[in-house]
A.B. asks: 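This is the structure, below, for whatever I ask next.
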Amino acid sequence: MDLEQRNGRGARKGNIVAKEYAGNKVKAYVYAVLRTLDAYKLNLLHNKQQFIDQLKRNRLGARRLDEGAISEDSGMNFAEWMAVVSGNTDLLQKAKLEGRIAALESEQTIFMRTRHEAQSQLQRYTAEIGRRDAMLERLKRDWDYINEVAPPDAKGKRANPLRIDGVESADIVAHGKRLVEIDRTVNTGDDYQKIGTLFDFRILVRTERMQKDGLALTVNKFMVEGLDGIKYTFNNGHLAAEPKTAATNFIRALDTIPSLMATYEKEKKQFTRDIPTFEQQIAAVWPKEEELKRLKAEAESLTRKIQLDIAQKQQEMQAKTADNGNGLKIENAEVVDEVVKPSKAEPLSTASESQEEPPEEREHVVSPPESDFIRNHILLVRPATNMKAKGPKI
């Protein structure tokens, strides 16, 4: 049994005997006296470290604190110590069975917990796959619409019919200048505000608050909203300072749809890959179920045997006690009657006067009920006249 406790002064610095004659080592011995509970204190120390290890290693089955077992790290729990020191092999066997049962129940709890977690993960992964399928469908709709209204040319470029509110010119640079002005002057107060269109998509701007070097700042972010409400951004929504480049921000944001679709497809594959594992864990059956039932049956049978032995020993003890009570002999003493009667030579008045005698000269014995075990086994006696009184005998 490994007790992670201090070994006292012997293992401290300054032990010259250990340094000179024992290779600077101190041996620590743990003693347990047979048929006593001296080891209970040692087991308490063991349990203190045992439950800490269980907490650190996450070995608690259903919040159960295992107090140690013979089969685990050479430890012994309190029940096993009692069985050892009592000398009853049935008790020791029962303690071992209970330790094994507790270990199997802990494994069963972990198994059931793992299966429950697998069920939760399966539900979550299934929901995530459904959300990604819905997102992919929305992205595909936007992408198909763009390719329909503005297919790319031979160089892969698309038309950019950007229209910003308040700009009458068809020049893209004019629209870019208006965007730069909006970026510099508009504050939407954290709300989305429509400022233009691109095809049938809305151009939006939103003012966000941020902290930089301990200062509260506001920044405008621009985005284009798809047919189903998906908001696409380029460069994290920040505009370029140059008007012509700023005007291309939204068409370039729409060109990120394929990469977004690829990201969602990859995530969907990752979730789908783990689905069979969860299904296998859910369908699994704990392989030690029969062993646990068998051990429980053995423990119950052994418990009944121990109870019968205890009952038999109690009957034997009661029989011995009865025999000792019937064969009890009191030498040099006479038994006092239940009621003290006056002598025939004395008148009745003498008996009444005797009540006023000192307490040590008066005698009065009340017959105890037969149901009182202790009283039935106690005899009050009066010493013989020729012997010195030595008190009552039991």
A.B. asks: Could you check if a side-chain atom of V224 sits within less than 4.5 angstrom of a side-chain atom of R252, using non-hydrogen atoms only?
C.D. replies: no
A.B. asks: Using a strict threshold of under 4.0 Å (side-chain N to carboxylate O), is an ion pair present between D144 and K140?
C.D. replies: yes
A.B. asks: Can a salt bridge be assigned to the pair D190 and R206 using a cut-off of 4.0 Å between side-chain N and carboxylate O?
C.D. replies: yes
A.B. asks: Does this structure show an ion pair linking R158 with D153, if we count only N-O contacts that are shorter than 4.0 Å?
C.D. replies: no
A.B. asks: Taking S301 for the side chain and A297 for the main chain, is one N or O donor matched with an acceptor at less than 3.5 Å?
C.D. replies: no
A.B. asks: Ignoring hydrogens and geometry, is there a side-chain-to-backbone donor-acceptor pair from D142 to L227 under 3.5 Å?
C.D. replies: yes
A.B. asks: Salt bridge (Lys or Arg N to Asp or Glu O under 4.0 Å), that's the test. Do K296 and E105 meet it? Break it down for me.
C.D. replies: CA-CA 11 Å; K296 286 184 176 180; E105 288 179 343; 3.4 Å; yes
A.B. asks: Side chains of F234 and I251, heavy atoms from C-beta outward: is any pair under 4.5 Å?
C.D. replies: no
A.B. asks: Between L179 and L162, is the side chain to side chain contact (heavy atoms under 4.5 Å, CB included) condition met? List the steps.
C.D. replies: CA-CA 11 Å; L179 287 172; L162 178 65; 4.0 Å; yes
A.B. asks: Please check if the number of heavy atoms outside K157 that lie under 6.0 Å from its NZ is greater than 12.
C.D. replies: no
A.B. asks: Evaluate the side chain to side chain contact (heavy atoms under 4.5 Å, CB included) criterion for residues I230 and I257: first the C-alpha distance (whole Å), next the side-chain angles of each, then the deciding distance (0.1 Å), finally the verdict.
C.D. replies: CA-CA 10 Å; I230 300 178; I257 292 179; over 6 Å; no
A.B. asks: Could you walk me through whether L198 and I203 pass the side chain to side chain contact (heavy atoms under 4.5 Å, CB included) check?
C.D. replies: CA-CA 7 Å; L198 177 62; I203 305 299; 3.9 Å; yes
A.B. asks: Would you check if the side chain of N160 reaches a backbone N or O of A247 as a donor-acceptor pair within less than 3.5 Å?
C.D. replies: yes
A.B. asks: Any ion pair linking R141 and E137 (charged N to carboxylate O, less than 4.0 Å)?
C.D. replies: no
A.B. asks: Give a yes or no on whether I16 atom CD1 has more than 12 heavy-atom contacts from other residues, nucleotides or ligands under 6.0 Å away.
C.D. replies: no
A.B. asks: Please check if the side chain of D171 supplies one atom and the backbone of V173 the other of a donor-acceptor pair under 3.5 Å.
C.D. replies: yes
A.B. asks: Step by step, would you call F201 with Y232 a ring pair (Phe, Tyr, Trp, His ring centres under 6.0 Å)?
C.D. replies: CA-CA 10 Å; F201 299 152; Y232 305 97; 7.3 Å; no
A.B. asks: Can you find a side-chain donor-acceptor pair between R124 and Q121 that sits under 3.5 Å?
C.D. replies: yes
A.B. asks: Looking at F111, I want to see if its CZ is surrounded by more than 12 non-hydrogen atoms of other residues, nucleotides or ligands under 6.0 Å.
C.D. replies: yes
A.B. asks: Nearest 0.5 Å please: distance from the CD atom of E208 over to the CG atom of N187.
C.D. replies: 11.5 Å
A.B. asks: Side-chain contact, heavy-atom cut-off 4.5 Å: R294 with E290?
C.D. replies: no
A.B. asks: With side chains defined as the heavy atoms from C-beta onward, is the minimum distance between L139 and W143 less than 4.5 Å?
C.D. replies: no
A.B. asks: Evaluate the criterion side-chain hydrogen bond (donor to acceptor under 3.5 Å, both in side chains) for residue pair Q93 and E298; output intermediate values, then yes/no.
C.D. replies: CA-CA 10 Å; Q93 182 64 22; E298 292 180 5; 5.6 Å; no
A.B. asks: So, taking the atom named CG in D165 and the one named OG1 in T197, what distance separates them when rounded to the nearest 0.5 Å?
C.D. replies: 7.0 Å
A.B. asks: Considering only NZ, NE, NH1 and NH2 on the basic side and carboxylate oxygens on the acidic side, decide whether R132 and E128 come within less than 4.0 Å.
C.D. replies: yes
A.B. asks: With side chains defined as the heavy atoms from C-beta onward, is the minimum distance between F271 and T126 less than 4.5 Å?
C.D. replies: no
A.B. asks: With side chains defined as the heavy atoms from C-beta onward, is the minimum distance between L217 and R209 less than 4.5 Å?
C.D. replies: no
A.B. asks: I'd like to know if E181 pairs up with R178 as an ion pair, taking the criterion as any Lys NZ or Arg NE/NH1/NH2 lying under 4.0 Å from an Asp or Glu carboxylate oxygen.
C.D. replies: yes
A.B. asks: For the backbone of D191 and the side chain of T188, can you confirm whether one donor and one acceptor N or O come within less than 3.5 Å of each other?
C.D. replies: yes
A.B. asks: Are any of the side-chain heavy atoms of K231 and L204 separated by less than 4.5 Å?
C.D. replies: yes
A.B. asks: Are E98 and R100 close enough for a salt bridge, meaning some N to O gap below 4.0 Å?
C.D. replies: no
A.B. asks: With under 30° as parallel and over 60° as perpendicular, where do the rings of Y125 and F278 fit, or are they tilted in between?
C.D. replies: perpendicular
A.B. asks: Answer whether the closest heavy-atom distance between the side chains of T233 and K221 falls below 4.5 Å.
C.D. replies: no
A.B. asks: Out of curiosity, H238 NE2 to N220 CG, how far, rounded to the nearest 0.5 Å?
C.D. replies: 10.0 Å
A.B. asks: With a 4.0 Å cut-off on N to O distance, would you call K268 and D133 a salt bridge?
C.D. replies: yes
A.B. asks: Under 3.5 Å, side chain of H175 to main-chain N/O of R163, donor-acceptor pair present?
C.D. replies: no
A.B. asks: Quick check: are there more than 12 heavy atoms from other residues, nucleotides or ligands sitting under 6.0 Å from CD of E168?
C.D. replies: no
A.B. asks: With F199, which residues qualify under ring pair (Phe, Tyr, Trp, His ring centres under 6.0 Å), at least two apart?
C.D. replies: none
A.B. asks: Do E289 and Q108 pair up side chain to side chain, a donor and an acceptor below 3.5 Å, judged on atom types alone?
C.D. replies: yes
